Amino acid sequence: FLTMKLEKIFLLLFAFCVLPADVSFAGEAARAFSNGVRFARAGQTDFAHMEFRAILKDHPRSRFYSPALFAAGEYFFLMGNHAEARAAFQDYAARDPEANSKMIALAFLWKIADIEKDEAAAGQAVREIVNIKQVSLVFRKSQEYQYLSPMNQHYLAVVHIDHIDIFVGGKLFVEIPY
């Protein structure tokens, strides 16, 4: 009887010590993500990146980790740091997120490989994109997918029978033949 009371007390103490910590961490990650999105919408990409980087550093198990990883990849790409962008987008794509945003991450990987003249990496990115979008276009000539990134970039992917066009903010970013 005494051991059952001790077990219950231990479980209650454990719950009081651990659960509030998880809730507060979740709140911090949500706050950082919200701040990052707000900064991105205001055009303050450096501040947005700092918020997203805090999530990547301090909250690796947060539901905001993957979107923050995508945002970091965007930021590094815009800054011309292709090595960091590649690492972020590869990690993001490996986590198997929503197919539309994964396709955009793979398009970034293709673009980086194209810039660096890395034909093997470009081919790998195309194979992964084609595996995601095994699309049947029987009754139409294309299929469209949209994604709004945490860095407030509007992406549109138009999948055709023989290529994919990716637009950022209405401008053609890449045309990926396959």
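Computed from a prediction, not measured in an experiment: that's the story for all the values here. Note that these values count all heavy atoms, side chains included, but never hydrogens, waters or copies made by symmetry.
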Exercise. State the CD-CD distance between Gln90 and Glu128, to the nearest 0.5 angstrom.
Key: 8.5 Å
Quiz item: Just checking, Lys102 and Tyr92: is the charged tip under 6.0 Å from the six-membered ring centre and within 45° of the axis?
Solution: no
Self-check item: Ring center gap for His82 and Phe76 short of 6.0 angstrom
Solution: no
Exercise. Would you kindly confirm whether Leu106 and Val168 end up in one hydrophobic cluster when ILVMFWY residues are joined by side chain heavy atoms under 4.5 Å apart?
Key: yes
Quiz item: Are Phe33 and Phe52 an aromatic pair by the rule of ring centers under 6.0 Å?
Solution: yes
Quiz item: Can you tell me how far the NE2 atom of His59 sits from the OH atom of Tyr65, to the nearest 0.5 Å?
Solution: 12.0 Å
Exercise. Identify the two heavy atoms, one from Gly36 and one from Ala48, that lie closest to each other, and give their separation to 0.1 Å.
Key: O-CB, 3.3 Å
Quiz item: Between Arg38 and Glu51, does at least one N-O distance fall below 4.0 Å, as a salt bridge requires?
Solution: no
Quiz item: Side-chain heavy atoms under 4.5 angstrom apart, residues restricted to Ile, Leu, Val, Met, Phe, Trp, Tyr: same cluster for Tyr75 and Phe39?
Solution: no
Quiz item: Do Phe89 and Phe77 have their ring centres less than 6.0 Å from each other?
Solution: no
Quiz item: Would a hydrophobic clustering, with Ile, Leu, Val, Met, Phe, Trp and Tyr connected at side-chain separations under 4.5 Å, put Val174 with Leu109?
Solution: yes
Quiz item: Linking I/L/V/M/F/W/Y whenever any side-chain heavy atoms sit under 4.5 Å apart, do Val126 and Ile115 land together?
Solution: yes
Quiz prompt | Ile164-Leu156 co-clustered via ILVMFWY side chain contacts under 4.5 Å | solution = no
Quiz prompt | Closest contact, heavy atoms only, Ile55 versus Ala32 | solution = CG1-CB, 3.7 Å
Exercise. Using the side-chain contact (heavy atoms from CB on, under 4.5 Å) rule, pick out the option among Tyr147, Tyr145, Phe173, Trp110 that qualifies with Ile166.
Key: Phe173
Practice problem: Measure across Ala88 and Leu69 and return the closest heavy-atom pair with its distance rounded to 0.1 Å. | Solution: O-CG, 3.6 Å
Quiz prompt | Atom pair CG/CG of Asp165 and Leu172 - distance to nearest 0.5 Å | solution = 5.5 Å
Quiz item: Out of curiosity, Ser142 OG to Glu144 CD, how far, rounded to the nearest 0.5 Å?
Solution: 5.5 Å
